[in-house]
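Structure first, then comments.
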Amino acid sequence: MSQQHKRDGFSRRQLIKGMGAASLLPLIGGVAPFAIGGQHAGRVVVVGGGFGGATAAKYLKRANPAIEVILVEPAETFYTCPFSNLYLGGLRDMRSIAHGYDELTDRYGVRVIHAMAEDVDTDSREVILSTGRHLDYDRLVLSPGIDIRWNALEGYDEDAADKAPHAWKAGPQTELLRSQLQDMEDGGTFVMVAPDNPFRCPPGPYERASMVAHYLSQHKPRSKVLILDAKDNFSKQGLFTAGWEQLYGDRIEWVGLSNDGRVTRVDAGRLEVETEFGTVHKADVLNVIPPQKAGWIAERAGVTDDSGWVPVKPDTFESRQVENVYVVGDATVAAPMPKSGFCANAQAKVVAAAIAASLESRPAPEAYWTNTCYSLIGPEYGISVAGVYRVQEGAIAEVSGGLSPADAPAETRALEAEYAVGWYNAICQDTWGTST
Amino acid sequence: MRSPRPARHDALRRRLLRSLVATLTGIGLFGLTLPALADGPWQRLEATQAVLGGATPSTRGLVLDLPHVSEDGSAVALTVGFDGELEENDYIERIDLFAVDNPSPEIATFHFTPMNGKPEVSTRVRLNETQDVIAIATSHQGERFATAREVRITVSGCLMRNGNDQPEPLSSPRVSVPSSFSVGEPEEIRTLINHPMETGLREGPDGETLPRHIIERFTVSVNGETAFEAELHQSVSANPYLRFHLAPENSGEALFEWFDDSGESARHEVELSVG
């Protein structure tokens with residue numbers, strides 16, 4: 001077998017070293033059936049090192065350290081979308097939203113390969129990397145996040161994103177948007193184009209508008225924020241609207257779908273956008289959050305449907321279309337669960353448990369998930385929405401949940417802003433083992 | 001390194017099974033495509049039976065496009081159109097839309113003329129819960145076509161909202177037409193108007209049921225001749241949006257009018273340039 005297939009050699013020495021590191025830990029996840037003598041409990045390849053992928057890798061090892069886990073992620077440093085709006089608002093630096101993979105390798109014995117997964121052969125069960133390596137798998141976890149649907153919005157292609165950044169994947173795009181904001185003249189207009197559902201992080205555009213307004217109120221007091229939206233309703237709308245009025249007066253203007261808010265053409269060179277009924281808006285800084293789809297490798301693996309997203313079996317998040325492939329996070333159709341980092345983390349734990357069970361031919365444990373989503377309207381003004389989900393009648397259903405109260409005192413909003421930081425530190429600790 | 005796994009054999013067996021299944025499916029489909037399949041949810045709804053008038057619809061040619069899953073049942077984007085075969089000189093005269101499990105299943109009826117050029121409409125609809133949406137098309141000579149799509153409605157956890165401004169009825173009529181037409185070539189027309197489309201089923205802040213208040217009818221005429229009409233019901237979303245086609249033969253004036261059930265109306269005129 002080994003001469004026929006370009007197996008990625010993972011020596012037993014490395015495996016044992018990894019296991020040794022893991023065994024020094026306080027006992028995690030109970031006593032795992034670790035088979036000595038070269039047999040192992042199966043190999044899982046995880047593609048993508050964000051909230052979903054890093055959590056899946058870690059929790060697979062926690063479920064059973066004998067499972068060989070390989071994480072494929074091109075970047076050595078991962079920047080989170082959560083709190084990247086706080087960087088735009090000047091509340092944080094990029095380092096504070098940067099995370100690495102040391103805990104996964106050193107503490108859990110996950111093998112991390114920094115390469116791009118370029119293709120998947122689901123018949124021979126192989127992932128093909130940009131380095132030319134082929135990785136066999138018994139189970140595959142895809143956590144590919146989103147990709148931009150270039151040109152789905154006329155005029156918005158990869159070149160346009162250099163002038164009118166989307167900043168919907170944290171990193172250089174976020175830094176570009178921040179520097180444009182800093183270079184903008186006082187009195188300029190920050191125009192944001194917001195997409196129709198479904199898209200990554202439903203409250204994200206509105207938190208971003210808040211953080212930009214905060215920055216402007218401090219540094220460019222004559223400047224405005226204009227949101228052109230392809231929807232009539234958005235996440236936590238009442239709370240955002242009330243917070244904007246309270247903190248920023250009329251600095252933020254929101255134009256919804258029914259008032260001709262849907263942008264149908266972008267001219268990034270001129271920093272202009274045109275709406276469906278022909279209104280042209282001129283921007284000084286233009287942030288286009290475009291239509292999205294599941295990350296590209298999901299298409300290669302054949303798990304996406306004609307919507308561009310990935311349908312999954314709700315109990316396990318295994319693909320409905322390809323067996324032995326599990327998909328987590330923003331790429332999936334998991335509604336009513338939103339496309340959030342917290343959901344990706346929760347889904348990854350369900351996937352880890354389901355895979356560990358399936359490798360031992362046990363049934364998967366019953367799944368449930370939680371999500372909390374904090375948004376900052378100002379540095380001391382936080383709001384949130386929370387939900388608990390279970391499988392009911394073959395579909396994911398929200399069984400409990402709620403929003404921050406509408407007319408809460410300032411202390412409540414200030415406490416929620418603190419809780420947001422606590423949440424961020426906890427979820428990053430859980431996912432990458434790092435917090436700031 | 002590792003002991004050989006039976007994975008290869010599994011993979012081979014899977015491949016064989018898959019091709020066998022594909023072959024069987026192919027035979028099955030072939031068998032089914034011979035007669036136009038008449039079985040569908042339209043057989044179980046009084047309102048759709050009334051439109052069909054006892055006729056057995058063909059299921060070919062009528063295309064209904066809706067998302068599989070919608071996170072917001074208050075405005076689900078829908079496109080319906082016909083691209084099938086018709087007798088010479090026949091054309092699609094009407095398309096009816098139904099939401100099987102809404103409190104009242106009728107969504108809208110669209111009346112086409114040859115001046116539309118292309119029988120296709122997009123709008124946004126309200127869906128109370130996960131259900132089938134049905135479209136029935138009727139041709140000028142009485143041929144019937146039917147199709148249905150299931151839409152799953154979820155309310156996304158992050159999409160919960162509180163507080164909604166009510167739009168001023170019949171305000172801000174908007175029409176978008178192309179700058180010029182080629183003779184007989186259908187081009188896209190888009191219209192939007194503000195209106196609450198109050199269903200008559202909802203309670204106001206005082207606990208009293210708000211009376212029904214909707215736009216019932218929308219008409220388009222070109223040089224005084226009716227080109228397109230829509231009858232709307234309460235399952236059309238607030239601020240009705242309609243996208244359809246016109247293929248005018250001559251330049252002239254297009255008149256767009258919206259009529260609501262309180263007797264009020266709004267109008268918008270646009271010059272069409274054909275050349």
Side-chain angles (χ1 to χ4, degrees), chain A residues 1-2 7 9-12 38-40 43 68 123-125 136 138 196-198 201-203 231-239 241-242 256-260 276-278 305-307 309 311 323 333 335-340 343 371 373 385-387 389 395-398 401-403 406, chain B residues 1-8 10-16 18 65-77 124 130 152-165 167 171-179 188 190-197 237-241 243:
Chain A
M1 297 225 32
S2 49
R7 285 269 297 115
F10 183 6
S11 76
R12 188 179 302 168
Q39 293 176 349
H40 60 77
R43 179 192 263 196
E68 185 186 355
D123 283 332
S124 61
R125 287 197 251 164
D136 284 11
D138 296 303
D196 195 3
N197 298 317
C201 190
K231 306 178 290 301
D232 268 334
N233 300 300
F234 63 84
S235 174
K236 301 182 250 187
Q237 187 167 3
L239 291 169
T241 308
L257 176 66
S258 288
N259 285 307
D260 195 20
E276 191 169 17
F277 290 90
D305 68 13
D306 58 5
S307 72
W309 303 101
E323 60 182 0
V333 180
M337 295 186 79
K339 298 188 186 301
S340 73
C343 284
N371 178 59
C373 165
V385 59
Y389 308 89
I396 298 170
E398 180 171 327
L403 277 170
Chain B
M1 283 292 131
R2 300 181 305 163
S3 53
R5 299 175 303 174
R8 302 287 151 197
D10 278 356
L12 181 64
R13 204 177 55 211
R14 268 203 314 276
R15 262 199 299 269
L16 284 173
R18 209 172 290 176
D65 187 26
L66 282 153
H68 302 294
V69 179
S70 172
E71 297 182 11
D72 182 1
S74 73
V76 182
R124 295 192 270 267
T130 297
R152 196 157 76 82
I153 302 296
T154 69
V155 177
S156 163
C158 274
L159 285 176
M160 271 193 273
R161 50 187 170 265
N162 42 10
N164 245 342
D165 294 336
S171 61
S172 310
R174 290 182 168 96
V175 172
S176 160
V177 302
S179 52
E188 192 175 291
R190 283 169 285 183
T191 69
L192 176 68
I193 192 164
N194 288 0
H195 201 285
M197 295 296 280
S237 302
N239 309 311
Y241 169 85
R243 176 188 150 278

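A, B, ... follow the sequence lines: proteins, then strands. Residue 1 opens every chain.
Contacts of B:T191 with chain A are made by backbone atoms alone, with heavy-atom separations under 4.5 Å and no side-chain atom involved. Looking at A:N259, the atoms closer than 4.5 Å to chain B (heavy atoms on both sides) sit in the backbone and in the side chain alike.
Applying the side chain to side chain contact (heavy atoms under 4.5 Å, CB included) rule to B:P240 yields the partners B:I193, B:H195, B:M197, B:I215, B:L232, B:V236; only residues at least two apart in sequence or on another chain are considered. Residues that satisfy the side chain to side chain contact (heavy atoms under 4.5 Å, CB included) test with A:D260, not counting sequence neighbours, are A:T275, A:E276, A:F277, A:T279, B:R174.
When each of A:V333, A:T241, A:L257, A:I396 is scored by its heavy-atom pairs under 4.5 Å with chain B, the top score falls to A:L257.
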- Go through A:N233 and B:D72 one step at a time and tell me if the side chain to side chain donor-acceptor pair (under 3.5 Å) criterion holds. CA-CA 8 Å; A:N233 300 300; B:D72 182 1; 3.3 Å; yes
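Between A:A335 and B:T154, the shortest heavy-atom distance links the atoms CB-OG1, 3.3 Å. Here the closest non-hydrogen pair linking B:A238 and A:S258 is O-OG, 4.4 Å.
With contacts defined as side-chain heavy-atom distances shorter than 4.5 Å, the pair B:R124/A:D232 does not qualify.
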